[in-house]
Number of protein chains: 2
Amino acid sequence: MKTFTIGQVAEKIGVTVETIRYYEHEDLIPPVRRDEGGRRVFTDDDINHIRLVIEMKKADVPLKDIAYFASWRGDGDDSLEARYEFLEKHELTSEAEIKQLEKSLAFLHYKKWYYKTAIEAGTENIHLLDGTLEVSEDTLNEYAQLLKNSDAKTLGKR
Amino acid sequence: MKTFTIGQVAEKIGVTVETIRYYEHEDLIPPVRRDEGGRRVFTDDDINHIRLVIEMKKADVPLKDIAYFASWRGDGDDSLEARYEFLEKHELTSEAEIKQLEKSLAFLHYKKWYYKTAIEAGTENIHLLDGTLEVSEDTLNEYAQLLKNSDAKTLGKR
DNA sequence: CTATCACCTAAAGTTAACTTCAGCTCAAGC
DNA sequence: GCTTGAGCTGAAGTTAACTTTAGGTGATAG
């Protein structure tokens with residue numbers, strides 16, 4: 001079977017060799033085989049383990065949790081349920097994160113519209129009550145009205 | 001105008017008083033007025049500043065960046081363009097984050113389906129090539145087929 | 001045959017965003 | 001008149017996920 005050095009693996013999957021050693025040290029991947037000199041010898045399986053860690057990281061799964069998941073692999077078929085539940089839990093977390101980010105995005109769209117119109121008017125004062133920093137009802141109502149016929153993203157565009 | 005102590009503000013918006021002091025210290029909000037004893041006296045404007053920081057944080061804007069945005073407020077209408085561009089930049093970042101999370105979610109769905117079917121079979125071996133850890137083409141093809149008629153989320157459900 | 005390069009380990013350092021701590025002030029309740 | 005509680009400051013500590021450093025080995029290119 002084809003094998004790789006740590007440098008080759010790092011290159012292949014786009015992380016540093018230090019990160020790979022760190023992942024092994026933290027038990028996010030199973031211990032990698034060594035040659036007579038103590039150097040790591042990676043197989044495709046090892047590479048897939050690292051890729052799995054990276055995929056989970058992208059889903060914002062903390063390394064601590066990934067370590068649990070990794071440890072269950074050692075339990076074979078006995079841990080299938082545990083692994084399923086783990087994935088379900090993080091599925092819910094990811095869904096919630098997406099929803100929150102979508103709200104935040106809507107907020108950014110509103111803010112863009114706010115500044116776009118301020119720029120067009122030459123001043124932010126068109127949105128503020130007299131000399132305060134409070135946004136006027138008029139501005140809020142206008143935006144709410146506009147949202148009925150256009151989408152937030154478009155409204156924010158210049 | 002109504003004013004509040006730091007404790008009242010913390011309570012009102014759900015952060016600790018330490019966090020509020022930290023935000024002021026880091027210039028994420030303008031310096032808050034003090035009473036004769038040196039204690040902070042918050043107005044609704046101050047509260048809105050803190051709320052803005054929190055909203056931006058939810059959009060994963062780093063505090064360092066929020067500090068820039070905050071500093072531009074001092075430049076008044078001269079910084080409207082800068083603020084618009086700032087929002088546009090973070091809009092793009094948020095959109096990219098959402099897209100990544102959606103990919104990750106699809107990955108979690110696939111993994112759930114993988115373990116769901118393994119649980120039903122009583123073993124993960126149905127998905128693996130002989131004694132290895134490599135997932136078989138059959139499994140991958142089957143999932144690809146199933147995706148044509150159902151959505152990933154449903155496929156992962158038990 | 002020696003210098004360079006990839007590799008190794010253990011330990012210390014880094015960054016973000018807070019939190020905790022030590023030590024001090026002041027108004028209010030008993 | 002003393003204690004309690006909320007506030008204050010500056011500095012040190014915390015956590016995650018790495019990165020950097022210091023010091024050491026062994027194959028290979030010149």
Side-chain angles (χ1 to χ4, degrees), chain A residues 3-43 46-47 49-70 90 93 97 100 104, chain B residues 3-43 46-47 49-70 90 93 97 100 104:
Chain A
T3 61
F4 309 87
T5 66
I6 195 170
Q8 291 169 330
V9 174
E11 163 84 307
K12 217 174 155 74
I13 67 190
V15 298
T16 67
V17 298
E18 289 80 12
T19 300
I20 298 177
R21 290 198 198 103
Y22 172 73
Y23 284 176
E24 187 189 18
H25 186 252
E26 298 296 305
D27 298 322
L28 304 178
I29 57 172
V32 178
R33 217 183 78 215
R34 306 299 182 106
D35 67 12
E36 333 71 46
R39 272 173 240 110
R40 292 175 180 81
V41 179
F42 292 80
T43 63
D46 292 318
I47 293 177
H49 287 322
I50 301 172
R51 289 214 156 105
L52 178 60
V53 173
I54 293 169
E55 282 310 310
M56 289 199 168
K57 254 174 52 78
K58 286 186 189 158
D60 288 345
V61 179
L63 298 194
K64 198 184 283 196
D65 288 16
I66 301 179
Y68 273 108
F69 193 83
H90 286 292
T93 308
E97 278 177 40
Q100 175 55 64
S104 296
Chain B
T3 61
F4 309 87
T5 67
I6 195 170
Q8 290 168 332
V9 174
E11 163 85 308
K12 215 173 157 79
I13 68 191
V15 298
T16 67
V17 297
E18 289 80 10
T19 299
I20 298 176
R21 289 198 200 104
Y22 173 71
Y23 285 176
E24 188 189 15
H25 186 251
E26 297 297 305
D27 298 322
L28 304 177
I29 56 172
V32 178
R33 216 184 79 216
R34 307 299 183 105
D35 66 13
E36 333 71 47
R39 276 172 237 110
R40 292 174 181 80
V41 179
F42 292 79
T43 64
D46 293 319
I47 293 177
H49 286 126
I50 300 172
R51 290 212 154 106
L52 178 60
V53 172
I54 293 170
E55 283 310 310
M56 291 199 166
K57 254 174 54 79
K58 286 187 189 158
D60 287 346
V61 178
L63 298 194
K64 198 186 283 198
D65 289 15
I66 302 179
Y68 273 107
F69 193 83
H90 286 291
T93 308
E97 278 178 40
Q100 176 55 63
S104 295

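So that the names make sense, note that chain A is the first sequence line, chain B the second, and so on, each numbered from 1.
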- Query: Which pairs, with at least one residue in residues 50-61 of chain B and sequence neighbours excluded, count as a salt bridge (charged side-chain N to carboxylate O under 4.0 Å, His left out)?
  - Reply: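 For residues 50-61 of chain B: B/Glu55-B/Lys58.
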- Query: Restricting to pairs with a member in residues 3-20 of chain A, which pass salt bridge (charged side-chain N to carboxylate O under 4.0 Å, His left out), not counting sequence neighbours?
  - Reply: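 Passing the test, one end in residues 3-20 of chain A: no pairs.
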Take atom [atom1] of [X] and atom [atom2] of [N], then tell me their distance rounded to the nearest Å.
X: B/Arg33; N: D/dG7; atom1: CZ; atom2: P; result: 16 Å
X: A/Leu63; N: D/dC18; atom1: CG; atom2: C1'; result: 9 Å
X: B/Asp27; N: C/dC18; atom1: CG; atom2: P; result: 15 Å
X: A/Glu26; N: C/dA11; atom1: CD; atom2: P; result: 14 Å
X: B/Asp35; N: D/dC8; atom1: CG; atom2: C1'; result: 11 Å
X: B/Glu11; N: D/dA6; atom1: CD; atom2: P; result: 12 Å

- Query: Minimum heavy-atom separation for A/Leu63 to A/Leu28, with atom names?
  - Reply: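 Where A/Leu63 meets A/Leu28 most closely, the heavy atoms are O-CD2, 3.3 Å.
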- Message: Please find the pair of heavy atoms, one from A/Phe42 and one from A/Thr5, that lie closest to each other, and give the distance.
- Response: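 Shortest heavy-atom contact: CD1-C, 3.9 Å.
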- Look at the side-chain N and O atoms of B/Lys57 and state whether any lies under 4.0 Å from the OP1 or OP2 oxygen of C/dA17.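 No, B/Lys57 has no side-chain N/O under 4.0 Å of OP1/OP2 on C/dA17.
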- Can you check whether B/Tyr23 has a side-chain N or O nearer than 4.0 Å to OP1 or OP2 of C/dA17?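 Answer no for this pair, as no side-chain N or O of B/Tyr23 is under 4.0 Å from OP1 or OP2.
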- Task: Walk me through it: do B/Val15 and B/Tyr23 pass the test side chain to side chain contact (heavy atoms under 4.5 Å, CB included)?
- Result: CA-CA 11 Å; B/Val15 298; B/Tyr23 285 176; 5.7 Å; no
Donor-acceptor pairs under 3.5 angstrom involving side-chain atoms of residues 29-39 of chain B: please list them, not counting sequence neighbours.
residue : atom : partner : partner atom : Å
B/Arg34 : NH1  : B/Gly38 : O            : 2.9
B/Asp35 : OD1  : B/Gly37 : N            : 2.9
B/Asp35 : OD1  : B/Gly38 : N            : 3.0
B/Asp35 : OD1  : B/Arg39 : N            : 2.9

Mind checking what makes side chain to side chain contact (heavy atoms under 4.5 Å, CB included) contact with [X], not counting sequence neighbours?
X: A/Thr93; result: A/His90, A/Glu97
X: B/Ala70; result: B/Arg73
X: B/Tyr68; result: B/Trp72

Check: protein-nucleotides 19-23 of chain D nitrogen or oxygen pairs below 3.5 Å:
residue : atom : partner : partner atom : Å
D/dT19  : OP2  : A/Thr16 : OG1          : 3.3
D/dT19  : OP2  : A/Thr19 : OG1          : 2.7

- With pairs taken as Watson-Crick or G-U wobble and both distances under 3.5 angstrom, which stems of at least three consecutive pairs involve DNA chain C?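 Ordered by first number, the stems with DNA chain C (at least 3 consecutive pairs each) read C:1-30 with D:1-30.
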- Task: List in chain and number order the residues that pass side chain to side chain donor-acceptor pair (under 3.5 Å) with A/Glu24, two or more places apart in sequence or in another chain; answer none if no residue qualifies.
- Result: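 A/Glu24 satisfies side chain to side chain donor-acceptor pair (under 3.5 Å) with A/Arg40 only.
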- Residues that B/Asp65 engages under salt bridge (Lys or Arg N to Asp or Glu O under 4.0 Å), provided they are two or more places apart: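 B/Asp65: salt bridge (Lys or Arg N to Asp or Glu O under 4.0 Å) contacts with B/Lys89.
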- Note on the structure: Contact string for nucleotides 3-10 of chain C, one letter per nucleotide 5' to 3', B = base within protein heavy-atom range under 4.0 Å, S = sugar-phosphate only, - = neither, reads ----SBB-
